[in-house]
Amino acid sequence: MTRLLDLVVEAHGGLDRWREARTIRARGSIGGLLWTLRSQQGILATVDMTVDVQRQRVVYEGFTSPELCGVFTPDRVAIERRDGEVVAERTSPRQAFVGHGSDTPWDELHVLYFAGYAMWNYLTAPYLLTHPGVVVEELEPWEEAGENRRRLRATFPDTIATHAREQIFHYDAAGLLRRHDYAAEVLGGAPAAHLCEKHETASGLVFPTHRYVLPMQEDARVLPEPTLVTIDLTEISVG
């Protein structure tokens, strides 16, 4: 790991604690313009998710209906009843986004794949950056909000479902995540800045509880609107 990544992992709870963690359960709300553009407004207005820390899997309780759950893995997404009966499923779910435009309507399985991999990435970072095959390097500092923020560029292997192969993470002087830049492939590759605030500690691990995504210019300057995605977490626990 780089010295900056060492600092960042320690600021978010430390490598040993992350290795011990098995699940992260989070409740809250996910909104923003994206879901309206994809004809799925309100589908994640109330979320109750369990993230497997050591493997890429997320379960959304009450997904689309109180008696259903949504199960995400990189190779398959499924909507199931509580007894395990499969209501709908899709294998190779990333392929279902090929050919989409900026406002192509999504179905519920599109939402499940996108929200599944995205929240797994968000909630397991920065531990995610220590995984085998992830290559990180420190970039020159970036001035924002009156302070110089240190940055890591991460290059991800194909084995991890994520927004894009290359992403940039911005950290404050304490090593806390403040911004995450990417161009999500399944959304057509438009650059975006994901802002992180209101960090809280749960069982020794640190998480931003208020996040929002704004468009980003080619020079990496953030535009003030529209707000593409909002994520507000009201409860987080670690198992």
Side-chain angles (χ1 to χ4, degrees), residues 8 26 28-45 47 72 93-94 96-107 110-126 128-129 136-156 160-172 176-199 207-233:
V8 165
S29 177
I30 300 175
L33 179 63
L34 173 65
W35 315 106
T36 301
L37 292 175
R38 301 299 178 174
S39 301
Q40 292 291 342
Q41 185 174 6
I43 190 170
L44 300 174
V47 293
F72 157 84
R94 199 175 187 95
F97 295 86
V98 173
H100 279 201
S102 60
D103 58 356
T104 301
W106 284 356
D107 62 24
H110 288 110
V111 173
L112 182 56
Y113 178 79
F114 179 79
Y117 88 70
M119 291 306 301
W120 186 86
N121 278 254
Y122 301 157
L123 289 175
T124 63
L128 164 65
L129 302 183
V136 298
E137 62 175 321
E138 185 170 1
L139 303 177
E140 66 279 4
W142 180 266
E143 185 174 345
E144 187 167 314
E147 64 176 325
N148 281 330
R149 293 182 176 168
R150 297 176 71 181
R151 300 188 297 163
L152 281 176
R153 177 166 57 203
T155 303
F156 291 89
I160 296 176
T162 189
H163 284 309
R165 182 168 171 79
E166 287 195 358
Q167 301 172 43
I168 297 176
F169 299 79
H170 300 232
Y171 303 97
D172 64 18
L176 295 178
L177 179 64
R178 294 296 179 181
R179 175 175 157 182
H180 175 195
D181 297 348
Y182 48 77
E185 294 169 355
V186 300
L187 299 179
H194 177 129
L195 291 305
C196 300
E197 300 174 351
K198 299 181 180 179
H199 294 71
F207 305 91
T209 61
H210 176 58
R211 301 166 175 262
Y212 56 103
V213 180
L214 297 171
M216 186 175 68
Q217 299 179 133
E218 292 299 328
D219 64 0
R221 298 295 173 183
V222 182
L223 297 173
E225 57 183 19
T227 303
L228 301 171
V229 176
T230 60
I231 303 169
D232 289 285
L233 303 179

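Worth saying up front: this structure is predicted, and the values here are computed from it rather than measured.
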Closest approach of [X] to [Y] (non-hydrogen atoms, all atoms of both residues):
| X | Y | answer |
| --- | --- | --- |
| Ala164 | Phe156 | O-CD1, 3.8 Å |
| Pro226 | Leu214 | O-CD2, 3.6 Å |
| Ala193 | Met216 | N-CB, 4.0 Å |
| Arg179 | Trp142 | NH1-NE1, 3.4 Å |
| Arg165 | Glu185 | N-OE2, 3.7 Å |
| Ile160 | Trp120 | CG2-CZ3, 4.3 Å |

Which distance, rounded to the nearest 0.5 Å, do you find between the [atom1] of [X] and the [atom2] of [Y]?
| X | Y | atom1 | atom2 | result |
| --- | --- | --- | --- | --- |
| Asp181 | Phe169 | CG | CZ | 9.5 Å |
| Thr104 | Leu187 | OG1 | CG | 10.5 Å |
| Arg153 | Glu166 | CZ | CD | 5.5 Å |
| Phe207 | Tyr122 | CZ | OH | 15.5 Å |

Indicate yes or no: at least one non-hydrogen side-chain atom of [X] is less than 4.5 angstrom from one of [Y].
| X | Y | result |
| --- | --- | --- |
| Pro141 | Glu143 | no |
| Val213 | Tyr182 | yes |
| Pro208 | His199 | yes |
| Leu129 | Val8 | no |
| Val186 | His100 | no |

Taking the inter-plane angle between the rings of [X] and [Y] on a 0 to 90° scale, is it parallel (under 30°), tilted (30 to 60°) or perpendicular (over 60°)?
| X | Y | result |
| --- | --- | --- |
| Tyr117 | Phe72 | tilted |
| His163 | His180 | tilted |
| His110 | Phe97 | perpendicular |

So with a 6.0 Å cut-off around CD of Glu138, is the heavy-atom count from everything else above 12?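 Buried by this count: over 12 neighbours within 6.0 Å.
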When you look at CD of Gln217, are more than 12 heavy atoms from neighbouring residues, nucleotides or ligands closer to it than 6.0 Å?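 Yes, because the 6.0 Å sphere around CD of Gln217 holds more than 12 heavy atoms from other groups.
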Residue of the set His170, Glu144, His210 for which side-chain contact (heavy atoms from CB on, under 4.5 Å) holds with Leu195: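 The single option meeting the side-chain contact (heavy atoms from CB on, under 4.5 Å) with Leu195 is Glu144.
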Determine whether a donor-acceptor pair (N or O, by modelled atom type, separation under 3.5 Å) exists between the side chain of Gln40 and the backbone of Trp106.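 Looks like yes, one N/O pair under 3.5 Å.
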Is the backbone N or O of Asp232 less than 3.5 Å from a side-chain atom of Ser29, with the two atoms forming a donor-acceptor pair by type?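 Such a contact is absent between Ser29 side chain and Asp232 backbone.
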Measure from NZ or CZ of Arg38 to the centre of the six-membered ring of Phe114, then state whether that distance is under 6.0 Å and the direction lies within 45° of the axis.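 Judged by the rule, Arg38 and Phe114 form no cation-pi pair.
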Only one of Thr155, Asn121, Thr162 forms a side chain to side chain donor-acceptor pair (under 3.5 Å) with Gln167, so which one is it?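 Of Thr155, Asn121, Thr162, side chain to side chain donor-acceptor pair (under 3.5 Å) with Gln167 is met by Thr162 alone.
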